[in-house]
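Shown next, in structure tokens, is the structure this report addresses.
Keep in mind that the numbers below use all heavy atoms, side chains included, and drop hydrogens, waters and symmetry copies. A note on names: the letters A, B, ... follow the listed sequences, proteins ahead of strands, and every chain is numbered from 1. Computed from a predicted model, the values in this text were never measured in an experiment.
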Amino acid sequence: MKRSILIPLKTLVWLACLWPLGVIVTGVATNQLGPDPAGAIASDTGLCALWLLLISLAITPLRRLSPRLSWLIKFRRLLGLFVFFYATLHLLTYVALYSGFDVHAMLADIAKRRFITIGVAAWLLLLPLAATSTNWAIRKLGGRRWNLLHKLVYLAAVGAVIHYWWKVKPGVLSPVPFTVVLVVLLAARPVLAWNQRRKLRPVAA
Amino acid sequence: MLIGKPSDFPSSAITPKEQYLNRRRFLRGAVSGVVTAGAAALGAEQLADVFAPRTRVQAGTRLQTVQSPLTTTGEQLTSYQDITTFNNFYEFGVPKDQPAKNAGVLPTRPWTVAVTGKVKQPKTFDIDALLKLRPLEDRIYRHRCVEGWSMVIPWVGYSLSEFINQCEPLPSAKYVQFVSYYDRKVEKWSNQTSIYWPYNEGLRMDEAMNPLTLLTFGLYGEVLPNQNGAPVRIVVPWKYGYKSAKSIVEVRFVSDMPRTTWNTMAPSMYGFYSNVNPNVDNPAWSQRTERRLGLPFYAQRRTTLLFNGYGDQVASLYKGMDLRWNH
């Protein structure tokens, strides 16, 4: 892809990723988040992190579909870092607005409340991925080890969706779309890989 | 002291309508008024119903109320805006702001409440008859949601016991069950859940007869907005909010503990009693503290009180019972 297209497109993706933050900040500033602003911020940042995570997971299967889509890879790091950004805001909402920086309460929550346990675990899985996102880290680790490490994103995604299911009341179906998309994306990988192997296999004489 | 004499909190001290009626509501009222007038001029009554359902006209109507010795004093009231735009009424959508947007379609007139089960004679009460059964009282109650937030709400109603006495339950009636309105075509948002509708809740007979248990018709001195459970609901202030069933169409007297909605969905999370209890955690989160909505972030967090602070009036109902087991 030409630089003259890539740069404006990247700028647009940046703006799109920052848009939810802008909406939240404006909401706080103008007191438009409803009677429970803490709840609104927690839910908005969480949903945002989850959607971006699913979008970043969609890049590899989409590239496999057609060689013409290979340029999508240039956006994966950007999206991944925004996932980490919103996940961190989500965590900070819990730390600051729900726990009031009470370390004892937080440790008790992490030990006892399964939806918090798995949420924190998913964030911890994202942490090394964000930390090794630079070109320097990729060179230092070597492509193979870096790839292996970044497979943790699948665990984080599964953890995040379970976190959502455990957070909502039994019977509430709002995590269904996320679950369906994640299952499709996870299933797409082996299916596409198998398809590719089949094409490459030499035809038997 | 949590419960004051009537003189402690005159109904005149309740925020007057002018202060909380915001511009948007005023405009909406004005628009629906104009539409109604226009439709009436056309002589099309049905058209009026389409554009400005009678439910809208009902909600917000001023009610004649008297003071009550059972009102809670010393609490700052949550604003009308917050009480009416942050609702758990899943039949009209799961997100908290949805019921306020969707519940306008709830047909609150005509409305009847059927009394069935272990009673001398099954009966049906018309909502307008219920409104006149006893003087309507202003009752300020703390409202604690199982999700960990709370409000202070000036309800309007009379003790459920007054109504139960009219129902003439048999001695074999040990529990009373409340069934909410449900019409899949009206409440199409209910498919956002896998809950088995209609919603139902229940109380033990002595809980239902406790004078604090309120048969509720209004809030802030006015007819209930639909999203708050119009035209008639239960309010049980010492229990988590979901025990207070909304938009009731049937009151059923039964001899066995009824299978209530949330208790059936997840018995470990939602016990039949569901008394507010800071010492018994919900498996998913702690109930030790709560966030009082409407206050600034830093001032919201407060300690949750056993029986939501109504222990003086209700603790005797549970004498000798293990409140952890009977959560």
Side-chain angles (χ1 to χ4, degrees), chain A residues 23-25 27-44 46-47 92-120 162-179, chain B residues 78-88 90 93-98 100 145-151 189-197 199 240 242 261-270 281-302:
Chain A
V23 171
I24 294 169
V25 170
V28 172
T30 57
N31 199 16
Q32 290 289 310
L33 292 180
D36 185 16
I41 296 169
S43 133
D44 290 350
L47 291 175
L92 285 176
T93 311
Y94 161 69
V95 170
L97 302 181
Y98 279 80
S99 305
F101 299 102
D102 181 341
V103 177
H104 286 287
M106 278 187 274
L107 290 176
D109 271 350
I110 293 168
K112 264 182 94 173
R113 321 273 160 227
R114 58 179 193 174
F115 89 92
I116 294 177
T117 314
I118 198 158
V120 170
I162 294 175
H163 165 71
Y164 193 10
W165 276 111
W166 282 350
K167 169 64 186 71
V168 299
K169 284 188 193 157
V172 173
L173 303 174
S174 46
V176 166
F178 298 89
T179 314
Chain B
T78 305
S79 73
Y80 182 91
Q81 173 78 15
D82 286 357
I83 295 168
T84 57
T85 56
F86 191 81
N87 307 97
N88 275 326
Y90 284 5
V94 171
K96 301 275 190 293
D97 59 341
Q98 290 298 300
C145 179
V146 71
E147 295 165 3
W149 52 266
S150 64
M151 295 183 176
W189 304 271
S190 58
N191 67 7
Q192 294 175 9
T193 71
S194 61
I195 291 168
Y196 186 77
W197 305 105
Y199 192 83
Y240 293 117
Y242 61 87
T261 297
W262 284 112
N263 184 234
T264 312
M265 289 298 293
S268 67
M269 291 174 109
Y270 312 100
D281 287 350
N282 183 296
W285 57 86
S286 164
Q287 296 291 26
R288 248 174 218 297
T289 61
E290 64 200 51
R291 290 177 304 121
R292 180 63 54 83
L293 299 186
L295 302 179
F297 284 134
Y298 53 85
Q300 285 186 352
R301 189 64 69 180
R302 61 174 61 212

Below 4.5 Å, heavy atoms only, C-beta onward: do [X] and [Y] meet side chain to side chain?
X: A:P170; Y: B:Y270; result: yes
X: B:Y90; Y: A:V172; result: yes
X: B:M265; Y: A:K169; result: no

Mind checking the OG-CZ spacing from A:S99 to B:R301? Nearest 0.5 Å is all I need. 7.0 Å
Strictly by ring-ring contact (aromatic ring centres under 6.0 Å, His included), give each pair with a member in residues 92-114 of chain A just once, sequence neighbours left out.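 Listed by first then second residue: nothing to list.
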Between B:M151, B:Q300, B:K96, B:E147, the one whose heavy-atom pairs under 4.5 Å with chain A are most numerous: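 Between B:M151, B:Q300, B:K96, B:E147, the count favours B:E147.
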Highest number of heavy-atom pairs under 4.5 Å with chain A: which of B:P95, B:S286, B:G294?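 Option with the greatest count: B:S286.
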Which answer fits B:D281, side chain, backbone, both or neither, if we ask what part of it has an atom under 4.5 Å from a heavy atom of chain A? side chain
Positions in residues 105-114 of chain A that reach chain B, provided some heavy atom is under 4.5 Å away: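 Contacts with chain B: A:K112, A:R113.
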Is the count of non-hydrogen atoms from other residues, nucleotides or ligands lying under 6.0 Å from B:Y196 atom OH greater than 12? no
Salt-bridge present (A:D36, B:R291; N to O < 4.0 Å): yes
For B:F297 and A:I41, what are the C-alpha separation, side-chain angles and deciding distance, and is it a side chain to side chain contact (heavy atoms under 4.5 Å, CB included)? CA-CA 12 Å; B:F297 284 134; A:I41 296 169; 4.2 Å; yes
Name the one of B:D97, B:D82, B:T84 that satisfies side-chain contact (heavy atoms from CB on, under 4.5 Å) with A:P35?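 Single side-chain contact (heavy atoms from CB on, under 4.5 Å) partner of A:P35 among B:D97, B:D82, B:T84: B:D82.
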